[in-house]
Amino acid sequence: MRRRWRDVPAAAALLAPSAALLGVFVVYPLARAILLGTRKCNVSGRVCKTVGWHQYVTVWRSAPFQNALGNTLRFVAMTVPIGLVLGVGLAVLADKQLRGIGVFRTIFSSTIASSVAVASLIWLVLLNPQIGLLSHLLKDAFPVVKKPGLLNDGGTAMWGVAISSIWAGLGLTFVIVTAALQSVPRELYESAFVDGAGAWRRFTNVTLPMLSPTLLFVAVVMTARAFQTYGEIDLLTGGGPNSAGRPTETIAYLIYGKSSKIRNDIGIQSATAVLLFVLLLVVSFIQFRVLERRVHYAE
Amino acid sequence: MIRTRRTAATLTACVLALLAGTASATTPPSGSAGAGDALAGLPGCDPAALDGAGGPVEITVWSSMKADLLNKTMEDLTNQFNASQTQVKVNYVNQGGYEDTIPKFLDADQRSRPDVVQLPEYMVRSIVDLNTAVPVGACMTAASFDTSAFIPSALAQYRVEGVQWSLPFNVSDPVLLYNKKLFAKAGLDPNIPPTTLDDVVADSKKLVDSGAATYGIAIDSNFDNGGGWFLEQWLAKLGQFYTDGDNGRTARATKATFATPEMATLLTQFQQMVADKTAVYVGDNNSGADHLLAMADKDHPAAMAISTSASIGSVLTILKGGQFPHITPDDVGVAPMPGPGAKGTLVGGASLWINDSGDPAKVAAAWKYLEYMTQAQTQATWAATTGYVAVRTDAQALEPLKTALTDPRFTVAGQQLLDIPAAPTSAGPVVGPLLEVRTAVAEGVAKILTGADVAATLQEMQDQATELITDYNDRNTAG
Amino acid sequence: MPSDRPDDRPALDRSSPARTVGRYVLLVVVALIVLAPVWAILMQSLKSGPDSVRHPRSLLPVDLTWDTLRHAWRAGDLGRLSWNSLVMSVLVTAGVLVTSLTAAYAFAFLHFPLRRGLFAVFLATMLVPAEVTILINKRTIESLGWKNSMVGLVVPLLATGMGTFLLRQVFLQLPQELREAASLDGLGHAKFLWEVAAPLSRPTLAALGLLTFLTTWNQYLWPQSVVDDTAHRTLQIGIAHLDNGRVDNINLVTAGTVIAALPIAVMLIAFQRHLVRGLTAGAVKG
């Protein structure tokens, strides 16, 4: 009991900076946003009247939110599994002591260097049907990049955004999985080898179980990121094409986007943002619960 | 009859000035006794406050000119203002485009807002509702500002319920750009562009059938172009209101009224053109240039596109650059916006607003800057360099604009603006959420152009617009 | 598959030459795919004028010129903007390392009431989307009078739940006896933290520092929200401003992206080992 209290002064001193910063710049805004979500505010966002908690229900049920929710889930389902599989694939491919492997590792991790803005601009230059290089060069080979083009077609626009996002996220996934691979004890492979396990069996029986905590971590981070996708949408599609009923408007884009109809309405913006947070919380919780049971912890 | 009016585009500056004189004579000058009453209770403006200030008064100006050429020119003019006098020093900050400036300005604390901000025509009602703007009408009255040379419709665009809120700086209008070479190839007279939508349909068919062009016209659904702004223009040409309250000019708008049979007919015409491939639909046009690029397409060109007059300068500059060797600057013709009805279009572009900083000296300094930016010589330079229409007709007699206007293509939009009648339907809608309404309208237009049922979709668009207006009014009016 | 049989070659060099060649081919192909967009952008920014767009030649390394990069650098005032980004990123990185170290130390080595609860709150902050906080934080910064200042840019980013979490993982793996021995030697918390715990977690610190620097350098929404003068703009905002709506200027934008990504790419190549090693030590072992 004495021990429980003895460290309090030191703990307070050491925790004060982080706690204060996180309190003021994360917890307080969250609380404020939750409250604002129950209000209706004027165009300056400073003169508000209280509507009540049912505003959250109204927002949740509204057509734009439901559309954005569906799009966000679709985007997550597109980018997370593919990004994960590609990241693991690249890491396994490069996890070999070969001459010059460092060069390949650097290349594979290189997309970390690009911000969302940079990556989206790159893909805009490549995919835009009017100025796009890829569209121009490949339009004969691949009909899909013909006009109206990947990004202007309701059926493929989200894939255009997803490609940019997967590409930009590949580097980080690769680096983290590579790190995890290197910490897998080599003896485990040796013994699997001795047991006559083939390459695929070694991968499923040794590599995957040993990687599982990392994969859980990466999956959670990737999902959280995908749920908050904004920049790619802003630069590549603006939530459109409108002809298909805003098939790329994600929740984050609904909150901030240039062509969002709630952008100058801070009450609805806040309610939407809080709903996004709750959604993330629930999804992360489920991920931990479901995946944890299948994850093999090394220690 | 209307077609012969095309040749009016070639009229010279002195004729324009003459027309301006007659137009302004019929409009009561701002700053009359009536305006003074409307100004009661609003923040005041005392241009003399500048003389009391010891030393130069520093003010901040936010501009919203995204295009390189426009931004540079505006900055140069601001620097010239700084150099021309010692009482005011302007700190010029470009915030990007309108969509960048708007949320920044709205979200900001009153004390961190700039003293002067450049905002587009669709923001009028919102800024009035902020209750933080100094109506320039107050400065005009106090300074006995002479507005007789201004294009009347340009001033009227920024006047609500009798109060002149801001001063137009960059004025534009939609015009038709067309490829004369392709017109000639199709056997059409390159000097007689279409003036009605029926003409557009007929000419497009000829252009396509003759093999001269792949498409007659390129259309888009950008909210600030074919998806939203143009619809307001066509409604004005038809002499119809966009909302109640006389487009929100005499009383706060409460509902949208644009779903008229004539609008349905117009949208059906465009839908039909896209369906039979005499028009190409270029989508949401996020770049703002996709409809023009469709005209420049080497393999599958469109012969026409409707665009803001502010783009003419950039289009000609780019074509001069030789990136599109199959089309030269001389191939481009400019004509008034085709459409139904005989009435005029609406004023587009942006105006300069004075923000009430609570410091009379800063308000006076801001007014001095506005005076400079709208004086004849400044506007002559501005319009000649950018392709915008000068807000005042006396600028047309000054260089470099005088020379620039010898190219008839640069006179079209100005003439179109002067042709705007004094009818109530010819003052554009002032609706709080006009940006949001346009966004909703643009979504509907996109659906219609790709085949959705016109009547049902148009009704849906109007219902959504009314819903947005109701919600906005609920949030922004007391009680 | 004969090569799958155990043999007496060293463990890491077991593959047959054929498989090694196959792996190399695969590596090269994948590397080309990953690099292709980068290549396209690089070529764009090394071409002059409008003819770089929409032309097959624009992907070939012919007629290269520095003009576009130079123009972008000058037109966007990218020198000053890079400096702003650099200062911001360095300050945030240093701050995050310090606050994470101290907080992680408290959670790993100290006993106090509500420790678990408080740690859970720290973890939960990772899940609060920026969309939620930015709306309110820009007002907080404004009311503090920190708009258009480096302080306003930096302070809200100085603490992260992620940093605390990563370092606590590392600290927990340090033998408990180490702390006890230090205690016997009369080493205080501060001394132990700086002289023993921090040096021992250097790989993770490096990785955390690198990742923090990267994320800060690439921040867009936050600087855009609290800066509205030209003096405090960051590089990412500057690039967005390079897009001036002219189709024939697209290579100016690509040049800007190259300039923005270059320092990060160099850092990455230089410190990639640390990144991998640091992450191995930290997050990986749940």
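Just so it is clear: chains get the letters A, B, ... in the order the sequence lines come, proteins before strands, and each one is counted from 1. Source: prediction; values computed, not measured. Atoms considered below: every heavy atom in the structure, side chains included; atoms not considered: hydrogens, waters and symmetry mates.
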Taking every non-hydrogen atom, the tightest pair across Leu15(A) and Ala106(C) |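 Scanning both residues completely, I find the closest heavy atoms to be CG-CB, 3.7 Å.
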Using atom types as modelled and distance alone, determine if a side-chain donor or acceptor of [X] lies under 3.5 Å from a backbone N or O of [Y].
| X | Y | answer |
| --- | --- | --- |
| Asp7(A) | Phe112(C) | no |
| Arg32(A) | Ile136(C) | no |
| Ser18(A) | Thr99(C) | yes |

Name the option with the most non-hydrogen atom pairs under 4.5 Å to chain C; the candidates are [options].
| options | value |
| --- | --- |
| Leu280(A), Val220(A), Asp234(A), Ile122(A) | Ile122(A) |
| Pro17(A), Gly171(A), Ala11(A) | Ala11(A) |
| Ser110(A), Ala12(A), Ser114(A) | Ser110(A) |

Indicate yes or no: at least one non-hydrogen side-chain atom of [X] is less than 4.5 angstrom from one of [Y].
| X | Y | value |
| --- | --- | --- |
| Val34(C) | Phe174(A) | no |
| Ile107(A) | Val30(C) | no |
| Leu172(A) | Leu211(C) | yes |

With only heavy atoms counted, which part of [X] is less than 4.5 Å from chain A, the side chain, the backbone, both or neither?
| X | result |
| --- | --- |
| Leu158(C) | both |
| Thr254(C) | side chain |
| Val155(C) | both |
| Leu221(C) | side chain |
| Leu101(C) | neither |

Does CZ belonging to Arg139(C) count more than 12 external heavy atoms closer than 6.0 Å?
->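 Buried by this count: over 12 neighbours within 6.0 Å.
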Please step through salt bridge (Lys or Arg N to Asp or Glu O under 4.0 Å) for the pair Arg263(A) and Glu131(C), ending with a clear verdict.
-> CA-CA 12 Å; Arg263(A) 185 181 180 173; Glu131(C) 283 79 14; over 6 Å; no
